[in-house]
Amino acid sequence: MRKILPDLCLLAAMPLLVYSVHRVFLETPIERQMGTAFKIFFFHVPMGWLCMLMAVICGVAAGVQLRRRSAVAGAVALAAAELGFVTGLGVLLTGPIWGSATWGTPWTGDARQVTTALLWLVIAAYLLLRHYGPRSSDRLAAALAIFGAVNVPIIYYAVKLWKTMHPSTGVVASLPPEMWATFWPGLIALALCTLALFGLRTRQLVLADELDAAWVRLDDNL
Amino acid sequence: MSAAALRPDAEQPAPVAALTGVAQRFGRQVVLRSVDLELPAGTIVGLVGANGAGKTTLFSILAGLLQPDAGERHLFGSPADEVDAAARARLAYVAHAPQLYAGLSARENLALFADLRRACGLTTRPADEVLLALGLPLAVLDRPLATHSRGMAQRVALARALAGRPELLLLDEPFTALDARGREQLAQVLLAERARGAAILLSSHDFDTLLAICDRVVLLERGALVRSAAHEGDRAEFRRSAAAIWQAGPDDPVSPAPDLC
Amino acid sequence: MRVVRQAVLLLRSELRQELRDFELLLSAGFFTLVLLAMFYLSFASLPVKHSLPAVPAMLWLTIAFVGVLTLTRAFDREREADTLRALLAAPVERLAIYLAKAALCLLVLMLCCLVLVPGLWLMFPGGAAFAEQPGQTALLVLLGCGGYVAVGTLFAAGLATGGGKNTLLFIILYPLTTPILLYALATTRALLDRHPDLPGFLGQMAALDLILFALAALLFETVLVGAGVAHRPRDRPRDRNLSRKPAP
C-alpha cells in the first residue's frame, strides 16, 4: 500500500487538475477589480501553502534526524526541502506577475513576500549544504533547517516591524465566496501532486542509501 | 572472532573499554565494518593496519568524537551511548597530529588543559614529571610552540594526555616523529602506565616497538579487526604469530598460529 | 558553574593568543575600514534625506561581512592544528567551547564597531543620532552582534570540524541571520528617527537574541559530535568471518 500510495495520489490528481484548470478559466467569473490576472491566485496561493508545509516538514524531519540519528528522517528532510524549493520558486515567479498586474508593481516588500523569499533562500542554502558540504555536514544542514523553520515567524514579524517605518498600501482584497469553490479543487490537486512527488523522492533517497549498504555487504563477501 | 574470544580470560573484570559490532560508513565508503574490541585494564593492545584501514575512526569512536552508525560502545563498565564529560575525564586521546595551540608555549598548552580539568574538580600530576620521563628538556617549555620540532610537540601532546592519569589511553601513532631514544623512553612510560592499571590502545607502523611492549596485537583491515595474536608468556612465539599476521597479505590466509581467530 | 569556569579559561587562552599577534583584531578592523571607505566612495554624495535609511543598511552589512570574516578566522586557529578535536575529547563541557568562541567573536565585532559607528557618524549626516544617544547605540550594536554571533558560532564550528570547505559559511550564514539583521535594521532606523518606541524594539531584540542563543547552544553538541542513540547490533553488517576463514 505504501509503495503505490504516491502513484495513487498522482492518479487522483490528474482528473482533479484538469477539472480545476477548467473551472479556473471557464467557470469562474472574471474578478471585477483585478481582471484576468486574478487567475494566478488559484496557483499562487496553493503553492505558497505547500511551500510552507514542506518547510515545516523539513524542519521537523531535521529535528528527528538529529535527535534519533535516523537516515529515513534525513531523506524526508531532503525531499521536503527539494519540493519546498520548487514550490517556493513557483510562488516567487507567479507572485510578481500577479502583483504587477494588480498593484502596478511586481514587488511591494510586503511581509509575506519578504518572508517567502527569505525562506526560499534558507531552503536553497540547505540544499547547497546537503549537496556540497563536507562529509559530516548532514548534522549541520539539519541544524540549518531547524533554524530556518524557527526563523519563519520571526522574519514575518520583523518585516512587519520594518514596514511600520515604510508604510505601504499593498493590501489584498478579500475574496468573494464563489471563488473559494474554485480554489479548493486546485489546492487539493496541487497538494496531491506535491505529496506524491515528495513520497517518490523520499523513497528514492532511502533506496539509494539501502543500495549503498548493499554495495558494502557485497564488498564484505567478496 | 567474538568479543569473548578476544578476551584472554572470561572471568576477568569488565574491560575498561569495549566495542561490539561497531560499524561506520559514509555513503558507499565503509570505514568500519563490524569491530569487536575489548581493552582490559593493565594491558597494551597494539593496533596495526594499512593507511586508511579505519584506525583513526576507531580511535575517534572510542574517544567520543564520533558516534558509530551501529554497534555498542562500553566505557568503564557501562554502556556509553554518549561519551559525557565524566567519561572523557577518565580517558585521554593523542591523535596523529599533536593538536596543540601554535600561539601558546608548550607550558601554556599544558596549563590550559590542566586548568580545564581542575575546573571540573579533577587533579593532574605535574607535567614536568611526565615530560622529563619523555626526555623533553624543561628549558624549552616556555618557547613558542612554533619553534618546537615535531618530535618535541609530540612529547608535549603525550604529556598532556598522561597528566590526567587516564584509565584509558588512546594513542594514534605516538611513535612517529620520535627518535630512537624517544621511542625507548615512551615505551618505558607506557609500560609504567600499564603497571598502574591503564588500558592502552596503541597504533603504530613500527612493528618492533609494538611487539616489545604490547600484550596483544590486532590487525585492522578494510574496516574490520581480522586477526589477532596475544602474548602468553612466550615472547618468541608471540613475535612469530604476530609477524604472520602482519605479513599476510589482504587475501592470504594466515598460516596456522596459536592465537588466530 | 563548571561550564562558566571552563568558558572563562578558554576565553582567557583565546585572548592570550590574540594579544600575541592581534591577527583576528587587525584583519577584522582593517576589513571594517575598507568597507567603510567603499561605502563612503559609493554614497558620499547622498542627500541627507536619503542617507537616513542608508546608514542602518551600511552599519549592518558591514557587521555581517566582518562577522563572517571573524568567525572564519576564529575557527581557522582551531583548524590549523586540529585543536578543536583535542578540546572535544577533553573533559570540557561542549557548551563552554561554544560560549568562549562566541564571546571572543562578539568582543572582536564590538571593537570593530568602535571604528564603524563613529565612522558612519562622521561620514554621513544621517548618522548624527548615534552621537546623541551613545548608550542606546551601544546596546543596539551589542544586541545585534550578539544575535549574529550566536547563530554564526554554531555554523562556523560545524564547518570547522567537517574538514574543509569553510567558504560554505558565507552561503549558509546570511539567509539564517536575516531575522536578527532585519530586526537590527528596523531598530537602528527607529534610533535614527528618534522613535519613542526604541526601548520596546531593543527589548524585542534582546528576546530574539535569547531565542537564537538558546537554540544554538542546544544544538551545538549534537552538531559537532552527533546524538548518542546507538543502534543495537541487530542491524549490524553481516559477520565478516564468513569471508575470512583461517586456513585449514
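If you're wondering where the values come from, they're calculated on a predicted model, not measured in any experiment. Sequence lines set the chain letters: A, B, ... in the order given, protein chains first and strands last, and positions in each chain run from 1.
Looking at every heavy atom in both residues, C:P91 comes nearest to B:A85 through CB-O, 3.7 Å. Contact detail for B:L65 and C:A89: the closest heavy-atom pair is CD2-N, 3.8 Å. Taking each heavy atom of C:A86 and B:F113 in turn, the nearest pair found is O-CE2, 3.9 Å.
For a residue to count as touching a neighbouring chain, one of its non-hydrogen atoms must lie under 4.5 Å from one of that chain's; by this rule C:R85 touches chain B with backbone and side chain alike. No part of C:D21 comes within reach of chain B, as not one of its non-hydrogen atoms sits under 4.5 angstrom from that chain. With a 4.5 angstrom heavy-atom cutoff, B:V83 touches chain C only via backbone atoms. For chain B, the nearby part of C:E78 is the side chain; its heavy atoms alone come within less than 4.5 Å.
In this structure, B:D84 CG and C:E221 CD are separated by 9.0 Å, a value rounded to the nearest 0.5 Å. Atom CG of B:L112 is separated from atom CG of C:L10 by 6.0 Å, given to the nearest 0.5 angstrom. Between the CD atom in C:Q6 and the SG atom in B:C120 there is a gap of 4.0 Å [rounded to 0.5 Å].
Not counting sequence neighbours, the partners of C:L107 by the side chain to side chain contact (heavy atoms under 4.5 Å, CB included) test are C:L15. Annotation: salt bridge (Lys or Arg N to Asp or Glu O under 4.0 Å) contacts of B:R118 (sequence neighbours excluded): B:D115.
Residue with the most contacts toward chain B among C:M1, C:E23, C:R94: C:R94 (heavy-atom pairs, distance under 4.5 Å). Per-residue counts of heavy-atom pairs under 4.5 Å with chain C were compared for B:L66, B:L116, B:L122; the largest is that of B:L116. Per-residue counts of heavy-atom pairs under 4.5 Å with chain B were compared for C:R12, C:R5, C:E18; the largest is that of C:R5.
Under a 3.5 Å cut-off, the side chain of B:R88 and the backbone N or O of C:A90 do form a donor-acceptor pair.
By the neighbour-count criterion of 12 heavy atoms within 6.0 Å, atom OH of C:Y40 is sparsely surrounded, having that number or fewer from other residues, nucleotides or ligands.
Among the residues in residues 95-104 of chain B, those with a non-hydrogen atom closer than 4.5 angstrom to a non-hydrogen atom of chain C are B:Q99, B:L100, B:Y101, B:G103, B:L104. The interface of residues 155-172 of chain B with chain C, defined by heavy-atom distances below 4.5 Å, comprises B:R160.
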